[in-house]
Amino acid sequence: MNSITSIFKEKRLKLTPQRIAVYKYLQSTKKHPSAEIIYKALQEDYPTMSLATVYKALKTLADVNLVEELNVGEGNFRYDSNVTAHPHIQCISCGKVEDIDNVTFSDLNIRVKEFTEYEVLTNKIYFYGICKSCKEKVVAVESN
């Protein structure tokens, strides 16, 4: 919590209970929720918080690099409180998005720089596939 407090103070932004709630929720999950999912999850504790407030909180948190916006091609964003560079994978069957841990971009960044002469500043990489549980469901249906 100290990092969010110091970042907001440094940026001269107001640290509202709603922003804190959205940030804490994202820190508590690995599921990469959309704004709508976050809104629904916080409704019980914050019944007066609107969906627009959740979107504004997410935009502010992304602007100060406390959360990452993920665009996995669904027409809306998902959010991740892990802002270190890492790839994601999405199941094309159930839509689940997961982190791919222990994969670094350093080799890829070097190769991109060699081939393009660009200085790589940032990157986002998404993989798409079928998760283990969806694959097991397909196998179970096929074996019946």
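One finds the CG atom of L51 at 10.0 Å from the CD1 atom of I38 (value rounded to the nearest 0.5 Å). Here the straight-line distance linking atom CD1 of I125 with atom CD1 of I100 works out to 9.0 Å at 0.5 Å rounding. For the atom pair T122 OG1 and N109 CG, the distance stands at 8.5 Å (nearest 0.5 Å). Between Y79 atom OH and T29 atom OG1 the span is 15.0 Å, to the nearest 0.5 Å. Rounding to the nearest 0.5 Å gives a distance of 6.5 Å between CG of L13 and OG1 of T60. Put simply, OG on S81 and NZ on K30 are 7.5 Å apart, with the number rounded to the nearest 0.5 Å.
Applying the 4.5 Å side-chain rule to ILVMFWY residues, one finds that Y118 remains a lone member of its cluster. The hydrophobic cluster containing L121, built from Ile/Leu/Val/Met/Phe/Trp/Tyr side-chain heavy atoms closer than 4.5 Å, comprises no other residue.
A salt bridge (Lys or Arg N to Asp or Glu O under 4.0 Å) check over residues 101-115, counting only residues at least two apart or in different chains, returns the pairs K113-E119. Each ring-ring contact (aromatic ring centres under 6.0 Å, His included) pair with one or both residues in residues 38-59, not counting sequence neighbours, would appear here, but there are none. Applying the salt bridge (Lys or Arg N to Asp or Glu O under 4.0 Å) test to pairs two or more places apart or on separate chains, those with a residue in residues 60-69 are K59-D63.
Neither F105 nor V72 shares a network with the other; the hydrophobic side chains, linked directly or stepwise wherever heavy atoms of I, L, V, M, F, W or Y lie under 4.5 Å apart, form separate groups for each. The hydrophobic clustering, which links ILVMFWY residues whose side-chain heavy atoms are closer than 4.5 Å, places I110 and V112 apart. One hydrophobic cluster, built from ILVMFWY side chains closer than 4.5 Å, holds both V120 and L108.
Put simply, the side chain of I4 reaches to within 4.5 Å of the side chain of L61, judged on heavy atoms. Residues I37 and K31 are not in side-chain contact: their nearest non-hydrogen atoms beyond the backbone lie 4.5 Å or more apart.
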- Message: Apply side-chain contact (heavy atoms from CB on, under 4.5 Å) to residues L58 and L26 and explain how you reach the verdict.
- Response: CA-CA 10 Å; L58 289 165; L26 281 169; 3.7 Å; yes
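The main-chain N or O of L70 is never found under 3.5 Å from a side-chain atom of R78 such that the two would form a donor-acceptor pair.
Legend: residues meeting side chain to side chain contact (heavy atoms under 4.5 Å, CB included) with T16, ordered by chain and number and at least two apart, are K14, Q18, R19. Residues forming a side chain to side chain donor-acceptor pair (under 3.5 Å) with T53 (at least two apart in sequence, or on another chain): S50. Every residue two or more places apart in sequence or in another chain was checked for a salt bridge (charged side-chain N to carboxylate O under 4.0 Å, His left out) with K124, and none qualifies. With sequence neighbours left out, the side chain to side chain donor-acceptor pair (under 3.5 Å) criterion links T48 to no other residue.
Taking every heavy atom of both residues into account, Y126 and N71 meet most closely at OH-N, 3.0 Å.
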Residues 87-97 side chain polar contacts: donor-acceptor under 3.5 Å, at least two apart:
unit_1: H88; atom_1: NE2; unit_2: D80; atom_2: OD2; d: 2.9
unit_1: H88; atom_1: NE2; unit_2: H86; atom_2: NE2; d: 3.0
unit_1: H88; atom_1: NE2; unit_2: D99; atom_2: OD1; d: 3.1
unit_1: Q90; atom_1: NE2; unit_2: E74; atom_2: OE2; d: 2.8
unit_1: Q90; atom_1: NE2; unit_2: G95; atom_2: O; d: 3.2

